[in-house]
Amino acid sequence: MADPMSAVTDAFTSFLFGKVETTRLPVRTSTGQAQAVYLPTAAPGLGDSGVIIGREVYSGKGYIYDPFQLYGQQLPAPHWLVLGESGNGKSALEKTYVLRQLRFRDRQVVVLDAQGEDGVGEWNLIAQELGITPIRLDPMAALDGGIRLNPLDPAITTTGQLALLRTIIEVAMGHGLDERSGFALKVAHAYVNESIVDRQPVLTDIVEQLRHPEADSAAAMNVDIDDVRAWGLDVALVLDRLVDGDLRGMFDGPTTAGIDLDSPLIVFDLSHIDRNSIAMPILMAIVGVWLEHTWIRPDRKKRIFLVEEAWHIINSPFVAQLFQRLLKFGRRLGLSFVAVVHHLSDVVDGAAAREAAAILKMASTRTIYAQKADEARATGRVLGLPRWAVEIIPTLSPGIAVWDVNGNVQVVKHLITEAERPLVYTDRAMTEDGLAIQMAAEAEAEERAAAAVEAETYGGPSYGSTVA
């Protein structure tokens, strides 16, 4: 017990001169205990091998990502989903990522370019810089000797051809083929492949055979020839659109010679196709299957398949099923599928919800740019994002995104070099003043993000509050 006289003396001294500070004794502790006292503000990085993306906002360290380097250790699958509203930096990220990947000699990239400006796709400048001519799929140009892709190309297996034909028809009809229509298509396809040996079979041959089926084909199944003709009528009408309708010229002839599938970058320019028409998912199905059978090979190359406007794939049950099979090549043949989507709600609430869930599950990497609060919450529920990440998404400025790499969640600022900038910002409205405004907004967003993580860690201001 303390001496009463000493207590009175200390109280009197404190009254006259203020409280006297004492020296804190040193504390011995373990690393594990210290971690509980001094909480981290940023998750560990992904390593130092691969492609640099930018820098992590909270720690300031460089952020490096490469699905081929991470696969098997930190990633169960090399596929990547990029989300966000227009104007927030998705396109710039994709382009710089591809340019940086191509610096590795064993990389090859295919891009389905669905956006356009001034009559060409937005990847046109990058293709020109690399000395590459985009494969422009255009119904009008195809009639004058433009690019053609043949769904019956001999490079595609007969099973793949039949699956592709079914998908084209089901997408156009909006429902699956019944057994009788499927039988008529199967019979016509088998006869065309067996009887035409001196040239590439084409869709016109299938349409003709559906309209005038062979009697032997009907007899083999003990059905009347008129029944087979009736079963195949709707199928013939759908395929006729590719032969003599608004999509004629692109798929109704032999595959155009000279398409260089060994080029490091292959760009399919779909910018001349109405993105809201049924033509877009049909195009993506045909291109996807054609690439599956002609491009992906066991040659130790690491391939990236980047699809803009990917909701045309994920939102169609029939096209999504084809791409699910394509994605499985990622583990066996080194394919990384990159899907770019504006809103996750475009697909998870659509007709292909089950197929969309399967594709999203395969995407172990998710990059989310700014979204409205309601959309961010819905995205967070579907992707299983932590609360702090969901709440910060609406505050993100262009160029900054939440990255979720198999549960490793970080906020990353994408950095663009001066050499890349003229190739990346292809929008004519992006003037020098516009770039300055964007860079200032990015700096302000970094300050908000740092304040948000401080609030989460130390109990400071709540998310969305104004930080001076």
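Computed from heavy atoms alone, side chains included, the values below leave out hydrogens, waters and symmetry copies.
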Determine, stepwise, if the pair V289 / T167 fulfils side chain to side chain contact (heavy atoms under 4.5 Å, CB included). CA-CA 10 Å; V289 174; T167 299; over 6 Å; no

Candidates I296, L335, V111, V109 - the one meeting side chain to side chain contact (heavy atoms under 4.5 Å, CB included) with F305: L335

After noting the C-alpha distance and the side-chain angles of V98 and V338, does the key distance pass the side chain to side chain contact (heavy atoms under 4.5 Å, CB included) rule? CA-CA 11 Å; V98 167; V338 184; over 6 Å; no

Using ring-ring contact (aromatic ring centres under 6.0 Å, His included) as the criterion, list what pairs up with Y97, not counting sequence neighbours. W80

Please name the pair of heavy atoms, one in [X] and one in [Y], separated by the smallest distance, quoted to 0.1 Å.
| X | Y | result |
| --- | --- | --- |
| P151 | L149 | CD-O, 3.3 Å |
| Y369 | L396 | C-CD1, 4.4 Å |
| L177 | G182 | CD1-CA, 4.3 Å |
| P134 | N124 | CG-OD1, 3.7 Å |

With rounding to the nearest 0.5 angstrom, report the [atom1] to [atom2] distance, [X] to [Y].
| X | Y | atom1 | atom2 | result |
| --- | --- | --- | --- | --- |
| H342 | N88 | NE2 | CG | 10.0 Å |
| R148 | I259 | CZ | CD1 | 11.5 Å |
| L46 | D66 | CG | CG | 10.5 Å |
| N193 | Q161 | CG | CD | 5.0 Å |

Going by atom types only, do D153 and T255 share a side-chain donor-acceptor pair under 3.5 Å? yes

Got a sec: does the [atom1] of [X] have more than 12 other heavy atoms crowding it under 6.0 Å?
| X | atom1 | result |
| --- | --- | --- |
| R103 | CZ | no |
| E85 | CD | yes |
| K301 | NZ | yes |

Exactly one of K61, R55, E56 should register a side chain to side chain donor-acceptor pair (under 3.5 Å) with S59. Which one does? E56

Using side-chain contact (heavy atoms from CB on, under 4.5 Å) as the criterion, list what pairs up with T96, not counting sequence neighbours. R100, H414, I416, E420, V424

Those residues that, when tested against I266, pass side-chain contact (heavy atoms from CB on, under 4.5 Å) (two or more places apart): Q108, V110, I135, L261, S263, F268, W295

Relative to each other, are the rings of Y58 and W388 parallel, tilted or perpendicular (30° and 60° limits)? tilted

Could you go through L344 and Q371, starting from their C-alpha distance and side-chain angles, then the distance that decides it, and tell me whether this counts as side chain to side chain contact (heavy atoms under 4.5 Å, CB included)? CA-CA 10 Å; L344 202 56; Q371 296 179 331; 5.6 Å; no

Could you walk me through whether R166 and L185 pass the side chain to side chain contact (heavy atoms under 4.5 Å, CB included) check? CA-CA 8 Å; R166 287 185 65 98; L185 176 64; 3.8 Å; yes

